[in-house]
Amino acid sequence: MSALPTSCIVAVIGAGAMGAGIAQVAAQAGHAVLLHDAMEGAAQKGRAGILAGLDAQVAKGRLAPAERDAIAARIAVAPALDALAGAGLVVEAIVERLEVKRQVFAALEAVVAPDAILASNTSSLSITAIAAGLRHPERVAGLHFFNPAPVMKLVEIVSGLASARAVLDTLLDTALAWGKVAVLATSTPGFIVNRVARPFYAEALRLLEEGAADVATLDAVMREAGGFRMGPFELMDLIGHDVNFAVTRSVFEAYFCDPRYRPSLTQQELVAAGWLGRKTGRGFYDHAPGAVPPAPAALPAQPAPRAVTIEGDLGPAQSLVGLMEAAGLAVARVPGTGRIRLDGASLALTDGRSATARVAGGEPADLVLFDLALDYARARRVALAPADQAPAGAVAAAAGLFQALGKAVSQVDDVPGLVVMRTVAMLANEASEAALSRVASPGDIDRAMTFGVNYPRGPLAWADEAGPELILAVLETLQATYGDDRYRPSQLLRRRVTSGRPLAG
Ligand code: NAI
């Protein structure tokens, strides 16, 4: 362990939302903290905000009054940069502008000891660029907390071109000692989380633009089948479309307009309208007091099938067979290519091709595709899409099967890859690219996505479980169908399919 000892003074520059939170984390871990802000009264305000938060915890019985007093006593306001001379670690959390950050780091070098570590909480700027021109760029690294810093577990430790290994190790161990989950990332646009999460929003926006389903239905499918804590549209409304669009745009521009990160016109329109989400009372949803949220689309109740025939292996949906048996359905098994045969419908898990294309390719005309679920036993909803050629009763027959298993059923348009499968494939592809280009290790990428944005499973582990061949097939089909390079599969994914080695490492 090379964590900074608690006797080391931690300075935080910038006492806004992030700086105050970081100061609280360091003080709770036992460090004396110096909080500095260039704006008159801002550091005092930041400190007062921390104390108010601690008081609320005392009132709820979550924090002993003596502990609150001890934490408060450890946080002092530093009136000027000179007062930070004794700090062993400085965390900068000021305005997100490169020139301003560089000025602050240059001024700091003249103040702190030669072995003090200088860290930036930047979420989008290059650590290499922040450190460039300093006398000791090797002691600069990113220490990227998530909002709110005292609550969110993840910290990305970001290495610039010049960052010393010992500095990164110290920051990793210190973040761990502060009770955080620490991952190591190289200084690349979006680091891990803000990059790998892009498809979560982007695919939802594309599905909406294509008319796959409405916002409430897509959100419900992602929550209740995908197992995500929030749907993409409600999450974008919470984050704010100005912020979410700006991050997407900055990652897109930073990767020299790679179509993978192309922003959405739909979201740009929301920003233009000032419909920024919860904070303005309107985004994809109406957040006015008393507004009734729209209900997701669900097919009406249908009779359970009298008999079910499982043709071959259902791959990642194989657990459905046990659920059907447990629900008392008569299930027969025959060899085949992975379909569920009912009276009036043939069901298959999406493999990226539309149902319409599969029927045109020779599959039964009553084909209805169903979407991936995180766990079919726990899923409360499943999305279905019938082929254009399917007779009217096919989707009803298919719905009856899933309803017999206790699921709500949402019909979506016959879009390639449906909703959860398409999103998971794109998240896994982005995670593969990040691993391939050594942004972070596969384990750290999965950890970052589970602790930084609460994904129910790391994208690489999820791809391993669904089957890398299936994920690759979905991506290849999306790329071919749309003729869009945003769907081009990662070379790492291709290699893992060839070698059979897991993506998650
Ligand atoms: P904020 O606007 O709430 O606070 C910034 C504070 O820095 C203000 O109090 C301002 O007076 C002060 N400041 C500005 N220039 C200064 C200077 N030259 N010297 C000293 N103080 C100065 O901003 P927020 O949201 O706390 O963000 C701060 C940093 O953290 C940014 O780099 C941002 O990208 C990053 N970040 C923000 C997250 C968020 O969700 N808000 C999440 C993770 C990182």
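All values reported here derive from a predicted model rather than from experimental measurement. Atoms within each ligand, like the ligands themselves, are counted from 1 in listed order. Below, each value reflects all heavy atoms present in this structure, side chains not excepted, and no hydrogens, waters or symmetry copies.
Salt bridge E234/R278: absent, no basic N to carboxylate O contact under 4.0 Å.
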With a cut-off of 3.5 Å and sequence neighbours excluded, list every side-chain donor-acceptor pair involving residues 182-190.
residue : atom : partner : partner atom : Å
S187    : OG   : I127    : N            : 3.0
T188    : OG1  : T186    : O            : 3.2

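A distance-only check finds no donor-acceptor pair linking the side chain of D464 to the backbone of P502 [under 3.5 Å]. Within the 3.5 Å criterion, the main-chain N or O of R494 finds no donor-acceptor partner in the side chain of R496. Remark: side-chain polar atoms of N429 are paired, donor with acceptor, to backbone N or O of R488 under 3.5 angstrom. Remark: the backbone N or O of V419 is paired with a side-chain donor or acceptor of D371 at under 3.5 angstrom.
Protein residues having a heavy atom under 4.0 Å from any atom of ligand 1 are I13, G14, G16, A17, M18, D37, A38, M39, A93, I94, V95, E96, V100, K101, V104, N121, T122, S123, H144, F145, N147, listed by chain and number.
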